[in-house]
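Sequential numbering from 1 along the given sequence is applied to the chain's residues. When a ligand or atom number is given, it counts from 1 through the structure's own listing order.
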Amino acid sequence: METEVAAARKPHVLVVPYPGQGHINPALEFAKYLASKGVRITFITTKAVTKSAKSSLCGLLTIHNVSDGSEDIKDPESIEGYFKRFKTVFSKNLARFIDEQTNAAQVIVYDSTMPWVLDIAHERGLRGASFFTQSCAVSAVFYHLKQETLRFPYEDSVVSLPSLPALGTKDLPSFLEFMDSKQTIPTIMADQFSNLEKVDWIFLNTFDKLENEVVDWMASQYPIKTVGPTFSLLQTDKKLSNSKNHTISLLEPACTEWLDSRETGSVVYVSFGSIASLSKKQMEEVAWGLMTSNCYFLWVVRPLEVDKLPEDFTSLASEKGLIVSWCKQPEVLAHRAVACFLTHCGWNSTLEALSCGVPLIAMPQWVDQLTNSKFIEDVWEVGVRVKRGEDGIVGREEIAMCIKEVSEEDRGMELKRNACMWKDLANEAVEKGGTSANNIEDFVSKLMCISG
Ligand SMILES: O=c1ccn([C@@H]2O[C@H](COP(=O)(O)OP(=O)(O)O[C@H]3O[C@H](CO)[C@@H](O)[C@H](O)[C@H]3O)[C@@H](O)[C@H]2O)c(=O)[nH]1
């Protein structure tokens, strides 16, 4: 264990994720890896999110709460109002927190959707690193939104952008629910590129071989560095394999026993991430689709979604399925019993599945997930994408058919083979000498020089 004096001599980095599970998880894995390389980390997130987090994860990494004011909010907020309040209150409290630190940091790594953190850093003589939590392909689409080489609402039914496959409207990031709120979300996404010319480092949670062409193209615009899949960084670092169980989770029911009792490749894992909220009708179709497939299934249904399940479903399905409110997803995906993953295609879920060699059934909901699903089916060829009915709902027969397709001898084997190839390439990227590992090593060397 480091003494306080020794720790104070290490380079010190503040890591500031956007306070959502899909942003916190990759930033925390990156932070833990940096800490394992001798960098002192202060991981800053909001009170609302860190309620259940441990204050100290390992010697060099501490988590601090900085309020975004959400604890004072009594009435529902509009999307626009939420982001405005978040930026105003959080940036003020973050600046105060940094000013009060006795052991000054040299660098702030911040979520790319919060470009204003760079001003706070530079005003205090700190360097800034923007951390992108979505795919490089999706980030490139947002770059074009910023440059206005692509406009939202999309004007063409198919768009051609440099280094990307032709993207139809069902492949491009969607923001439909937010059309009424002056396009808040598209603006935030485009603004990730608002001040990148002033930033000191740009990190993306992806790996070179996964997004070869678009990574090269983006690197011709900005000095981007790939550092993913961040969740695998510590798992492949043999020396540190004991310190991997620290993902911030809300609830963690034990699924291991249930999975252990299943045959290899017999379980459909189902999760729609930490944000997506399916309609009651859609939840019912997923439920009956799983039952129709006659496969074993492990389904993460968040507490707020439980009421949308068909009546008595939990007991009706008890022979075939286990329904949990949260699990350690990377561990579930790595379990031998898991055959495939019915997913909303959040970028973390996509990367985690690829890195575990698990084929996907893509059921995207919004923003980047649509583009991810296009890549899953057509570029990486590791899964199938569901078809929606005219009412926008994915029916039970469609869900059962997709499960059958992914499990079928020829098609299933082909998808599994491809997924295993990506698993090997993902591991290669984070192992010693791999592209992501090298990029992080360069960063750490620079940190050592700055702090030296
Ligand atoms: O039971 C569960 C369910 C999820 N997770 C984890 O939660 C994260 C979920 O992230 P992701 O799959 O990216 O989904 P969202 O939570 O929906 O993430 C948001 O943030 C992502 C990164 O910007 C975007 O790609 C998504 O579209 C956006 O919805 C992953 O690390 C999962 O391993 C668990 O650990 N246990």
Inset, instruction - Just let me know how Gln369 lines up against ligand 1, side chain, backbone, both or neither, with a heavy-atom cut-off below 4.0 Å. - result: side chain

Legend entry - Min heavy-atom dist Val367 to ligand 1 below 4.0 Å: no

Legend entry - Ring center gap for Trp217 and Tyr143 short of 6.0 angstrom: yes

Legend entry - Polar side-chain atom of Lys281 near backbone of Ile393 as donor-acceptor pair, under 3.5 Å: no

Legend entry - Geometric N/O contact Ser271 with ligand 1, under 3.5 angstrom: no

Inset, instruction - Taking all non-hydrogen atoms of both residues into account, name the closest pair between Ser271 and Gln329 and its distance. - result: OG-OE1, 3.7 Å

Legend entry - Close N or O approach (Asn348, ligand 1; < 3.5 Å): yes

Legend entry - Sub-4.0 Å atoms of ligand 1 with respect to non-hydrogen atoms of Gln329: 3 (C), 4 (C), 5 (N), 32 (C), 33 (O), 34 (C), 35 (O), 36 (N)

Legend entry - Distance flag, aromatic centroids of Phe193 and Phe142, threshold under 6.0 Å: no

Inset, instruction - Determine, using heavy atoms of Ala276 and all atoms of ligand 1, whether some pair is separated by less than 4.0 Å. - result: no

Inset, instruction - Flag the pair His64 / Thr62 as yes when at least one side-chain heavy-atom distance between them is below 4.5 Å, and no otherwise. - result: yes

Legend entry - The one among Ile24, Thr133, Ile275 that brings a heavy atom closest to atom 23 (O) of ligand 1: Thr133

Legend entry - Cys327, any N or O under 3.5 Å of ligand 1 N or O: yes

Legend entry - Tyr110-Phe131 aromatic ring centre distance below 6.0 Å: no

Inset, instruction - Using only heavy-atom distances, determine whether the side chains of Lys209 and Thr435 contain a donor-acceptor pair under 3.5 Å. - result: no

Inset, instruction - Look only at interatomic distance and state if Gln21 has a nitrogen or oxygen under 3.5 Å from any nitrogen or oxygen of ligand 1. - result: no

Inset, instruction - For the pair Arg151 and Glu148, find out whether any cationic side-chain nitrogen is under 4.0 Å from an anionic carboxylate oxygen. - result: yes

Inset, instruction - Provide the number and element of each atom of ligand 1 under 4.0 Å from a heavy atom of Asp368. - result: 24 (C), 25 (O), 26 (C), 27 (O)

Inset, instruction - May I ask whether His344 places a heavy atom under 4.0 Å from ligand 1? - result: yes

Inset, instruction - Verify whether the ring centers belonging to Phe175 and Trp366 lie closer than 6.0 Å. - result: no

Inset, instruction - Pull out every atom of ligand 1 sitting under 4.0 Å from any heavy atom of His23, numbered as shown with elements. - result: 20 (O), 23 (O)

Legend entry - Which of the ligand 1 atoms, numbered from 1, are nearer than 4.0 Å to a heavy atom of Asn25: 6 (C), 7 (O), 8 (C), 30 (C), 31 (O)

Inset, instruction - Please confirm whether Asn372 comes within less than 3.5 Å of ligand 1 when only nitrogen or oxygen atoms on both sides are compared. - result: no

Inset, instruction - Using a strict 4.0 Å threshold on nitrogen-to-oxygen distance, state whether Lys225 and Asp208 make a salt bridge. - result: no

Legend entry - Trp366, any N or O under 3.5 Å of ligand 1 N or O: no

Inset, instruction - Ignoring hydrogens and angles, tell me if any N or O in the side chain of Ser266 forms a donor-acceptor pair with the backbone of Arg262 under 3.5 Å. - result: no

Legend entry - For Ser274, the ligand 1 atoms whose distance to one of its heavy atoms is below 4.0 Å: 15 (P), 16 (O), 17 (O)

Inset, instruction - Check each atom of ligand 1 against the heavy atoms of Pro330 and keep those under 4.0 Å away; list them by number with element. - result: 33 (O)

